[in-house]
Amino acid sequence: MNQRYFDLEHQWAQLRERIAAAASRSGRTASDLTAIAVTKTFPTTDVEHLIALGFRNFGENRVSELNTKAAHDYAQPLTWHMVGQLQTNKVNHAVRSADVIHSCDRERLVDALERAAVNQQKQLGVLIQVRLDADPNRGGVAPADVLELAEKVAATSALTLRGVMAMAPREGDPASAFSRLQQVSEQLRAAHPGANWISAGMSEDFEVAIEHGATHLRLGRGLLGTRPYVG
Ligand SMILES: *Cc1c(COP(=O)(O)O)cnc(C)c1O
């Protein structure tokens with residue numbers, strides 16, 4: 001173990017304390033939460049350190065980096081999450097490495113994911129990305145259109161509808177956005193009880209997300225530090 005390992009251990013210990021406190025404030029337990037280490041821009045040696053610290057869930061936002069990192073040989077079986085926007089022409093590559101796609105936000109993408117998963121004889125978890133602000137460049141479907149897209153996922157054979165994902169708006173209070181997401185999740189679960197994941201909360205806002213029902217936290221900088229390049 002080198003200095004980097006001890007740095008990550010320290011960062012994770014601090015985050016874990018904050019996660020536990022936020023969970024207990026909202027009457028939840030930290031063991032109901034899954035921390036996904038978003039390792040984009042960081043090397044596979046960091047993935048190995050995080051495995052040693054107990055992480056089994058890893059996230060990437062670019063298909064090429066996801067493929068490179070997931071192809072590496074690790075000491076443990078891992079779950080890979082594609083958290084970034086996904087272009088239809090990269091779906092085959094994404095499905096090769098990903099276990100869960102967090103960014104499903106249009107019908108064409110559902111069709112492409114289903115086709116790729118069937119071809120690769122793979123069962124793929126899918127979250128509907130919900131847009132909580134007016135910026136179309138960040139992806140996501142409007143809250144009012146979530147159920148219709150979810151039906152489409154549920155009707156496939158190789159995709160498993162897992163729930164919803166969102167990012168807080170860049171400006172403003174994340175609490176109202178995450179509260180909206182929680183409502184969307186409730187509506188979705190009324191029709192699809194198994195679709196109970198809420199992927200929400202990044203390094204800057206995970207406590208607020210926990211207070212609004214997040215089940216899967218996507219932690220990048222708060223865990224790994226400042227990214228070496230923009231990702
Ligand atoms: C990079 C990224 C994260 C992690 O963000 P941090 O602010 O570094 O914690 C989470 N979700 C998505 C979709 C990302 O692209």
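Order of appearance sets the numbers: ligands from 1, and atoms from 1 within every ligand.
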Among the heavy atoms of Arg227, does any lie under 4.0 Å from an atom of ligand 1? yes
Quick test of your reading of the structure: of Ser203, Gly84, Ala37, whose heavy atom lies closest to atom 9 (O) of ligand 1? Ser203
Take atom CD of Glu17 as the centre, draw a 6.0 Å sphere, and report whether it contains more than 12 heavy atoms from other residues, nucleotides or ligands. no
Side-chain hydrophobic cluster, 4.5 Å single linkage: members besides Met167: Met202
Just going by heavy-atom distances, which of Arg218, Met82, Arg221, Lys40 is nearest to atom 11 (N) of ligand 1? Arg218
Could you verify whether a donor N or O on one side chain and an acceptor N or O on the other, from Thr39 and Asp46, lie under 3.5 Å apart? no
Is any side-chain N of the basic residue among Lys69 and Glu65 closer than 4.0 Å to the acidic one's carboxylate O? yes
Considering both backbone and side-chain atoms of Met165, is one of its nitrogen or oxygen atoms within less than 3.5 Å of a nitrogen or oxygen in ligand 1? no
